[in-house]
Amino acid sequence: MKLLTFVVDGRERIGACHDGQVIDLHAAAALADLDHWSAAHSLKAVLAAGHDGLQWAAAALQAALEQDEVGRAGIAWPVEKIQFRPPIPD
């Protein structure tokens, strides 16, 4: 799983790259009714949480991948449409 920080629509987000798309992990977690893990406000916080943070990220990514293309609208963007940020901007 390739984790990253990115900006789309003027908002900074944490995500995962998969098959040329970037998935917004918070939006994917909300879509799947995963607990909104409060520590996941940044990629730094996800990584600092160790195994728990990576499990949350993996579950959110999996939830997004289980959606069809219509279901991923608003949570997945082609890599060309996003602006990469430093992975750990804070």
Side-chain angles (χ1 to χ4, degrees):
M1 176 171 47
K2 296 177 184 178
L3 299 174
L4 60 130
T5 301
F6 68 103
V7 173
V8 70
D9 297 331
R11 192 171 137 231
E12 190 170 277
R13 306 161 193 248
I14 58 174
C17 193
H18 181 73
D19 284 344
Q21 289 194 318
V22 175
I23 310 293
D24 179 336
L25 294 178
H26 277 289
L31 181 70
D33 265 346
L34 295 176
D35 290 336
H36 271 290
W37 184 47
S38 61
H41 61 276
S42 69
L43 186 52
K44 182 177 181 179
V46 171
L47 297 175
H51 182 72
D52 289 342
L54 293 177
Q55 273 191 312
W56 175 84
L61 176 59
Q62 184 59 41
L65 296 178
E66 290 172 359
Q67 301 297 312
D68 61 17
E69 192 172 319
V70 172
R72 282 190 232 164
I75 65 168
W77 295 270
V79 170
E80 307 82 39
K81 300 288 183 183
I82 61 113
Q83 177 186 10
F84 287 96
R85 301 279 297 138
I88 312 286
D90 55 348

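Fair warning: this is a prediction, and the values are worked out from it, not measured in the lab.
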Would you kindly confirm whether [X] and [Y] end up in one hydrophobic cluster when ILVMFWY residues are joined by side chain heavy atoms under 4.5 Å apart?
X	Y	value
Val46	Met1	yes
Ile23	Leu43	yes
Trp77	Val7	no
Trp56	Leu65	yes

[X] vs [Y] side-chain heavy atoms within contact, under 4.5 Å:
X	Y	answer
Leu3	Leu47	yes
Gln55	Asp52	yes
Thr5	Ile88	no

Review point. CG of Leu61 to CD of Glu66: how many Å apart, nearest 0.5 Å?
Key: 10.0 Å
Review point. Atom CD1 of Ile75 and atom CG of Leu25: how far apart are they, to the nearest 0.5 Å?
Key: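 Answer for the CD1-CG pair, Ile75 versus Leu25, is 9.5 Å.
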Point to revise | Non-hydrogen atoms of Ala60 and Ala28 that approach each other most closely | key: O-CB, 3.3 Å
Review point. Tell me the salt bridge (Lys or Arg N to Asp or Glu O under 4.0 Å) pairs involving residues 76-85, sequence neighbours left out?
Key: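 Listed once each, the pairs are Glu12-Arg85.
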Check your understanding: Looking at Ile82, Ile14, Val79, which hits side-chain contact (heavy atoms from CB on, under 4.5 Å) with Phe6?
Key -> Ile82
